[in-house]
Amino acid sequence: MLNYQHRDLDRVFAALVDPTRRAILTRLEQSEPLSITALAEPFPIKLPAVMKHLDVLSEAGLISRSKQGRTVAVRLSPEPLREARDWLSRYERFWSPALDRLTAYAESKEALARVEGE
């Protein structure tokens, strides 16, 4: 079971590496479902390249497709993203204190700049 879960996470993270695939997911999050043609419209790549990206997203379980007549509609499947977020959240304790320190540092520098500017 553990290996199966890691393979799923590997596919999700591998799919998310590509900026075009992340942009596709963003479009689906904003207005789903979309036909493949509508989904591909804003991208500067040809339809076969978009189809390859959709295949990767589908293999990772991040999208689902349904066909009505000649039109294929694509929907976001958020569950694998939740699983990836849950996996990442276990490591939040490592970066959260560092981000808190960075925020405090930036706020102190900003306050100092305001005082010096007065």
Side-chain angles (χ1 to χ4, degrees):
M1 183 71 165
L2 189 58
N3 287 337
Y4 177 73
Q5 289 174 340
H6 285 296
R7 275 197 320 260
D8 290 348
L9 277 175
D10 290 348
R11 285 186 184 125
V12 169
F13 287 124
L16 295 175
V17 165
D18 188 274
T20 300
R21 291 193 284 268
R22 290 193 308 269
I24 288 170
L25 293 176
T26 299
R27 290 211 58 219
L28 289 172
E29 182 266 330
Q30 293 170 349
S31 59
E32 66 163 320
L34 289 172
S35 70
I36 291 176
T37 304
L39 189 57
E41 189 177 307
F43 297 104
I45 57 177
K46 297 192 184 284
L47 189 58
V50 171
M51 295 295 292
K52 287 182 182 181
H53 285 297
L54 292 176
D55 288 341
V56 172
L57 292 169
S58 182
E59 288 173 16
L62 294 168
I63 63 166
S64 63
R65 298 182 241 198
S66 60
K67 189 171 184 178
Q68 294 181 357
R70 292 176 40 167
T71 303
V72 176
V74 181
R75 293 181 187 275
L76 180 66
S77 297
E79 186 57 37
L81 291 173
R82 284 188 204 104
E83 292 168 6
R85 181 202 59 209
D86 292 347
W87 184 86
L88 285 169
S89 71
R90 292 186 291 181
Y91 301 94
E92 184 177 9
R93 65 185 169 103
F94 294 110
W95 69 73
S96 192
L99 291 175
D100 291 343
R101 287 191 303 273
L102 179 61
T103 300
Y105 175 77
E107 288 171 349
S108 69
K109 286 294 189 181
E110 186 177 282
L112 182 61
R114 276 194 302 253
V115 169
E116 290 175 352
E118 291 178 355

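Owing to the predicted nature of the structure, the values given are computational and were not obtained by experimental measurement.
In this structure, the side chain of Arg21 does not engage the main chain of Leu16 through any donor-acceptor pair within 3.5 Å. The backbone N or O of Val17 lies less than 3.5 Å from a partner atom in the side chain of Arg22, making a donor-acceptor pair. At distances below 3.5 Å, at least one donor-acceptor pair connects side-chain atoms of Arg27 with backbone N or O atoms of Leu39. When atom types are taken as modelled, the side chain of Ser58 and the backbone of Asp55 share no donor-acceptor pair closer than 3.5 angstrom.
Hydrophobic clustering (side-chain heavy atoms under 4.5 Å, transitive across Ile, Leu, Val, Met, Phe, Trp, Tyr) groups Leu28 together with Leu81. Cluster annotation: Ile63 and Val56 are assigned to distinct hydrophobic clusters (Ile/Leu/Val/Met/Phe/Trp/Tyr, side-chain heavy-atom contacts under 4.5 Å, transitive).
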Audit row: Asp100, Tyr105, side-chain contact (heavy atoms from CB on, under 4.5 Å) steps and yes/no: CA-CA 9 Å; Asp100 291 343; Tyr105 175 77; over 6 Å; no
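Closest heavy-atom contact between Ser77 and Gly61: CB-O, 3.2 Å. The two atoms that bring Ser31 and Leu34 nearest to each other are O-CG, 3.0 Å, heavy atoms only.
Side-chain contact between Val12 and Trp87 is absent, with no heavy-atom pair separated by less than 4.5 Å.
Note: His53 NE2 to Leu25 CG = 11.5 Å, rounded to the nearest 0.5 Å. Between Ser35 atom OG and Gln68 atom CD the span is 11.5 Å, to the nearest 0.5 Å. Leu62 contributes atom CG, which lies 11.0 Å from atom CD1 of Ile24 (distance to the nearest 0.5 angstrom).
More than 12 heavy atoms of other residues, nucleotides or ligands sit less than 6.0 Å from atom CZ of Arg65. More than 12 non-hydrogen atoms from other residues, nucleotides or ligands lie less than 6.0 angstrom from CD of Glu79. Applying the 6.0 Å contact sphere to OH of Tyr91 captures more than 12 heavy atoms from other residues, nucleotides or ligands.
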